[in-house]
Structure formats: structure tokens, C-alpha cells
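Worksheet: the structure to be examined is printed underneath.
Naming convention: chains lettered A, B, ... in sequence-line order (proteins, then strands); numbering from 1 in each chain.
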There are 2 protein chains.
Amino acid sequence: MLDWSLLRSFLAVVDAGSLSVAAERLGSTQPTVGRHIRELEQALGFPLFRRQPRGLEPTPAALPLIDDARRMGDAAEALARKVAGQDERLTGPVRITASRMVALHLLPPVIAALRHDQPDIAIEIDATDVTQNLLRRDADIALRMVDPTQNQLVRRKITDIPLGIYAARSYIARRGAPAKLDDLLHHDVIGFDRQEDLIRGFAAMGHTVTRDWFPLRSDDHPLLWELLRAGAGIGFAQVPIADRDPEVLRLLPEVALPKMPLWLVMHEDLRHNRRIRHVADHLASGLLGRLG
Amino acid sequence: MLDWSLLRSFLAVVDAGSLSVAAERLGSTQPTVGRHIRELEQALGFPLFRRQPRGLEPTPAALPLIDDARRMGDAAEALARKVAGQDERLTGPVRITASRMVALHLLPPVIAALRHDQPDIAIEIDATDVTQNLLRRDADIALRMVDPTQNQLVRRKITDIPLGIYAARSYIARRGAPAKLDDLLHHDVIGFDRQEDLIRGFAAMGHTVTRDWFPLRSDDHPLLWELLRAGAGIGFAQVPIADRDPEVLRLLPEVALPKMPLWLVMHEDLRHNRRIRHVADHLASGLLGRLG
DNA sequence: GGTGTCCTATACGAATATGCATAGATACTA
DNA sequence: TAGTATCTATGCATATTCGTATAGGACACC
């Protein structure tokens with residue numbers, strides 16, 4: 001008969017790769033997790049990990065056990081989600097994940113209004129451009145630009161956000177405004193570095209664009225935007241965001257650019273949770289109000 | 001983040017129906033399990049059980065959580081089986097379950113020889129006529145008279161044990177021996193009470209037999225055998241067992257009776273475990289030697 | 001109606017696990 | 001080659017959990 005807490009530590013160490021990181025994720029400490037692993041190894045009679053300078057690596061004997069431990073973990077997460085879904089109170093935390101651009105430029109007023117309406121609902125915002133795992137409940141609600149494919153997730157399309165070509169007034173004063181799309185070749189265009197979704201979007205709209213188009217490249221969207229506002233070049237931005245900024249002007253509005261869908265995603269187990277549902281409804285209507 | 005040990009206690013209480021029984025199965029104590037349940041209820045924010053005089057009954061809110069907890073339990077058991085299957089030492093316990101008749105009259109010399117050969121292998125024998133669950137590892141090896149249908153179980157047929165009609169010498173001296181099958185109607189025949197498999201066996205061999213045939217009935221096989229030996233009546237017994245006993249004589253050997261298959265069953269995860277494999281091989285050959 | 005048996009809840013001392021602080025060891029870097 | 005940033009292992013005081021013993025309540029049986 002094995003202690004399930006030890007198996008939980010085992011799985012955490014497998015996933016984390018080290019005692020320290022596993023302890024942090026578990027809300028425990030490194031000595032405790034280390035003792036758990038040692039205790040489990042004593043109970044099983046063989047070592048589970050090779051202690052290495054960079055962390056712990058599972059031994060071959062431990063590999064077949066990982067599947068079962070993960071099934072335990074998945075079931076525990078499913079249980080936790082069902083518990084959260086049963087919570088009918090309009091009190092407690094709701095965790096939202098959104099891209100940094102959405103979080104910085106769209107969410108604040110919507111969240112402020114929500115805080116005013118429901119002061120008992122605490123809001124946690126995870127502003128990151130990497131997709132979080134809603135199945136593991138990294139967040140309750142996700143605002144995403146890509147259509148989620150995982151089943152068990154329910155999605156609601158808020159709107160399609162149009163993109164536009166913008167430049168700061170200072171840049172236009174210095175370099176002038178392009179009269180047609182091809183003129184951009186003679187301008188400093190700010191664009192993405194490794195993320196190629198915008199380039200693919202251009203291709204879909206009939207414009208052939210390569211990475212060399214952009215003499216100023218970064219994948220940090222807020223940084224790109226500030227570069228644009230500072231007059232570093234011509235760039236692309238979401239129309240509802242950029243049009244609010246008096247520093248920048250829209251260029252070539254007749255050019256058709258791809259639109260970015262904005263999805264609101266949550267786990268189906270949480271759909272009927274009153275608190276999370278309320279936040280989701282507020283986000284959807286609030287964002288649509290600002291984007292519409 | 002929930003403590004997995006609490007979930008284990010939750011599942012145990014669901015299955016046991018009471019804190020006391022759950023604690024016994026967990027190898028813990030009733031106060032500890034009770035505290036676990038209370039702690040879990042506090043963490044979840046709603047009650048999981050209704051405390052009743054006869055035990056604890058899950059609340060409606062707890063019902064959907066049972067599935068996930070059971071999935072955790074199944075995964076934990078699978079993990080434990082894999083661990084046991086990896087144990088290559090010829091040291092440690094092996095748990096055998098067998099019918100009481102087999103355990104009493106066939107196993108002892110076989111086990112004695114095994115103990116002599118491998119003194120480091122400890123043998124636990126569960127002599128019971130109810131089928132144990134090998135998936136939950138109630139036993140490592142089962143000796144059964146019925147063909148197991150659960151998949152994940154591997155089975156080996158040791159032999160078909162022939163049945164014969166027997167009576168004690170004292171009974172024959174008093175009542176005489178029957179000359180043909182129909183004479184049994186005028187004898188005291190010892191037979192089964194509620195277990196009808198023998199009756200169905202007779203029917204399959206062309207003999208019409210009803211429960212009223214047996215004026216002396218019980219479902220306790222060892223007791224039936226001792227009644228037979230004491231001269232209480234004519235009965236049926238496994239030929240290899242009964243022929244060893246000088247107190248009894250075989251009657252009507254020409255009558256065809258159903259044969260009882262003897263299966264050796266174990267979980268496939270344990271098939272490659274050296275220790276259990278060794279015991280299984282010894283049991284199979286030893287039993288075949290005595291039954292051959 | 002008494003009695004025995006099952007159950008859960010609680011008190012308290014003891015065993016146990018935890019967290020902090022720190023030491024030791026290894027790889028990467030300048 | 002020294003410095004730095006990881007990581008794991010250990011000592012120790014403390015906080016937590018656990019088990020024993022016991023009380024109290026409901027039910028079945030005689």
C-alpha cells in the first residue's frame with residue numbers, strides 16, 4: 001500500500017525535472033519533496049531517479065510507473081475541476097490568461113468595471129504569450145487569438161479584430177506617409193521575428209511578404225507597439241487599440257489585412273460555475289463593447 | 001491543490017461505507033480517516049458524506065467525484081502491480097487464494113516442499129470459497145475451479161479433477177453398497193444446498209438430479225467431506241483426494257461424473273515476476289503430481 | 001427493556017513530518 | 001581559473017499529524 005502523496009511528489013518531480021521546481025509547483029519545499037522521493041524509493045525497493053547536477057532523471061525502472069502516476073494526476077485534476085464547477089458563490093478567485101497585448105490594452109477598463117460590480121470576485125491575470133493549459137487549470141478563462149482544438153474546452157468567439165497599418169505622427173513628419181502598399185518597401189517596417197503567423201496572414205490576403213520585409217524585428221508585441229509609437233517605424237496593430245492612441249495615425253486603410261479572431265475559452269466543467277460564468281460574460285460583453 | 005492522501009481516504013470511505021472499515025482497509029485508524037474526511041470537506045467547502053448511525057453515505061455533491069477518485073485508485077493499483085512485477089528477488093511474500101477444499105487437502109504437501117526449497121519466499125494462503133479479485137491484488141495467485149473471464153488475467157489449466165461417489169466403510173457396513181445409480185435414491189446422499197453447479201453437472205452427464213435427492217445438505221465442502229468420512233452418508237468427492245483416505249471407499253466407479261477443471265490464475269503484470277512465477281510453477285507441477 | 005454491537009466524535013501524549021538555514025557539489029561563464 | 005548560479009543533502013527546532021483510549025449514540029436481538 002503506497003502513500004498517494006508520495007506518488008504525487010513523484011509525478012511532480014518527473015514533470016519538473018528537479019526537486020526544487022517540483023517543490024515550488026507543489027507549494028512545498030525541496031527537502032520535503034526530496035524526502036518523499038527517498039521514502040518512495042525505499043518502499044519500492046529500487047531507485048526512481050538518477051541524481052544529477054542539473055536535476056533528477058527517471059531511471060528505466062521508473063519509466064513504466066510514470067503513465068500510471070499521470071493517470072492519477074489527470075483524475076485528480078478532473079476532480080478538482082468538478083469541485084470548482086460546483087461552487088455557486090460569487091466569491092473567490094478567477095484566473096484569466098490573455099496575450100500581453102490584450103491584457104495591456106484591452107483588459108484594464110473591463111476588469112476595472114468588473115471589480116466595481118463584483119468586489120468579492122478576485123481577479124488574477126496571467127499576461128503571457130504562451131498558451132496555457134486549461135485542462136490543468138493553469139487558468140479558468142483564456143483569451144486567445146487561435147481557435148482551441150482540445151476537446152473538453154468550450155469556446156466563444158467574441159469578435160474578429162481588424163488589423164491596420166500605423167505609424168507615429170513623428171515618423172510620418174520625418175519620413176512621410178506611403179501612398180500604396182509597395183511604398184512600404186522603402187520604409188522601416190516593424191514586424192515579427194520568429195512568429196510567422198502575420199506573414200502567413202499576408203500571404204492569405206494575396207500579399208507576398210517575407211521576413212526581410214521587416215528591418216526591425218521582435219516577437220514582443222507590446223515592445224513592437226511602443227517602438228511604433230516612438231516613431232521607430234511603420235507597423236501593424238489592432239485597429240480598436242491603435243485608433244484610441246492620438247500619437248499614431250492609420251495608413252493605407254484600403255489595404256485588406258487579415259483579421260485576428262478573439263476567442264474566450266474555458267473548460268466545460270467550469271461552464272456552469274456561477275462565478276466564472278459571470279466573469280466570462282462580463283469579459284465577452286465588455287471586450288465586444290470596446291472592440292465593436 | 002488537494003492532498004492526494006485525503007482523496008485516497010475519500011475513496012476508501014465510499015467503498016467501505018464507514019470510517020472504521022475504511023480505516024482497517026487502509027491500515028490506518030478510524031480517527032485519522034475521520035479527520036481526513038473532515039479536512040477534505042473543509043477544503044472543498046461542502047459536505048461529502050451524511051453521517052448516519054450505520055456509517056457514512058455520500059452526498060449528491062460527492063457522487064460525481066467518486067468516478068475520478070476511483071480512476072486515481074485504479075491507476076495507483078496498476079502502478080503497484082507494475083512495481084511488484086519488477087521485483088526480481090526470490091524473497092518476500094506470495095499470496096495464494098484457493099477454495100477451502102483445495103487448500104485443506106491438496107496444498108499442504110505442495111506448500112511444505114516449496115517452503116523447503118525456497119525458505120525466503122513467505123507464503124500467505126487465503127482459503128475461501130468466494131472468488132477474490134486479482135485485479136485489486138487481493139492475491140497474487142488464485143487456484144480456481146471456474147474459468148476466469150476477466151481480461152488482464154492469465155490462466156493456466158493444471159488438470160481436470162475427476163469426481164467419484166464415495167462412502168465411509170462404516171456407512172457401507174451399516175447400509176450396504178449401492179449396486180447401480182438408481183439405488184442411491186434409497187441411500188442418504190450428502191450434497192449441496194444452494195450451490196447448484198454439481199446438480200447442473202449431473203444434468204449435463206445425463207442424470208436427472210434435484211435438490212431433494214440430498215437429505216443432508218450443506219455448502220461447506222470440508223464439512224461435507226467430514227460428514228462423509230464419519231459415515232453420515234454417500235457423497236461426491238475429488239478422486240485424487242478421496243482415494244488417499246483409507247476410511248472411505250469408492251462406489252459405482254463406472255458412473256460417469258462431471259470433471260472439475262483446476263485453473264491457476266494470475267495477473268499478467270505479475271507473470272514475469274520471478275518470485276511469483278516460481279511459486280506458480282511449483283504449484284502447477286506439485287498439484288499435477290498429486291492429481292496426475 | 002436490558003444488553004451487546006456497531007458506529008462516530010473527542011482528548012491527549014507521542015511519533016512524525018515539515019520548513020529554515022546551511023553545507024557541498026557540479027556546470028556554465030567571464 | 002575564479003565566480004556564479006544551479007541543484008541536492010543534512011541538522012535542528014517546530015508544527016503537524018497520528019494512534020490510543022474513551023465517551024456517546026443508534027440499532028438489533030433476546
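- By the 4.0 Å N-to-carboxylate-O rule, A:Arg229 lies close enough to A:Glu226 to be salt-bridged with it.
- There is no side-chain donor-acceptor pair under 3.5 Å between B:Asp138 and B:Thr97.
- For C:dA17, neither phosphate oxygen OP1 nor OP2 lies less than 4.0 angstrom from any side-chain nitrogen or oxygen of A:Thr32.
- Toward the 5′ end of DNA chain D lies the nearest nucleotide of A:Arg54, the other residue of the pair A:Arg54 and B:Gln30 mapping further downstream.
- No salt bridge links B:Arg275 with B:Asp120; every basic N to acidic carboxylate O contact stays at or beyond 4.0 Å.
- Side chain of B:Pro31, nearest nucleotide from C:dT8, D:dT20, D:dT10: D:dT20.
- Across all strands shown, B:Val21 has heavy atoms under 4.0 Å from sugar-phosphate atoms exclusively, and none from any base.
- Nucleic acid contact class of B:Ser20 (heavy atoms, under 4.0 Å, all strands): base.
- In this structure, B:Leu56 places its CG atom 7 Å from P of C:dA9, rounding to the nearest Å.
- Counting non-hydrogen atoms under 4.0 angstrom, B:Gly55 reaches the backbone sugars and phosphates but no base.
- Atom CG in A:Leu19 sits roughly 6 Å away from atom P in D:dA9 (whole-Å rounding).
- Atom CD in A:Gln42 sits about 11 Å away from atom P in C:dA17, given to the nearest Å.
- When the C1' atom of D:dT16 is taken as reference, atom CZ of B:Arg38 falls 14 Å away, rounded to whole Å.
- Residue side chain B:Arg51 does not reach the base of D:dG25 through any donor-acceptor N/O pair under 3.5 Å, judged by distance alone.
- Distance, B:Ile37 CD1 to C:dA9 C1': 14 Å, rounded to whole Å.
- Donor-acceptor pairing under 3.5 Å, judged by distance alone, is absent between the side chain of B:Gln52 and the base of D:dA26.
- Atom pair A:Arg50:CZ and D:dA9:P shows a separation of 14 Å (rounding to whole Å applied).
- For C:dT18, the OP1/OP2 oxygens have a side-chain nitrogen or oxygen of A:His36 closer than 4.0 Å.
- Rounded to an integer number of Å, the gap from A:Leu6 CG to C:dA17 P is 9 Å.
- Closest to the side chain of A:Ser28, from the set C:dT18, D:dC18, C:dG19, is C:dG19.
- Among D:dG11, C:dT10, C:dA27, the nucleotide with an atom closest to any side-chain atom of A:Arg35 is D:dG11.
- The interatomic distance linking A:Glu24 (CD) with C:dG19 (C1') rounds to 16 Å, in whole Å.
- Each of D:dT20, C:dC20, C:dA17 was ranked by its minimum atom distance to the side chain of A:Glu39; first place goes to C:dA17.
- Smallest separation of non-hydrogen atoms from B:Ala22 and B:Ala16: N-CB, 3.4 Å.
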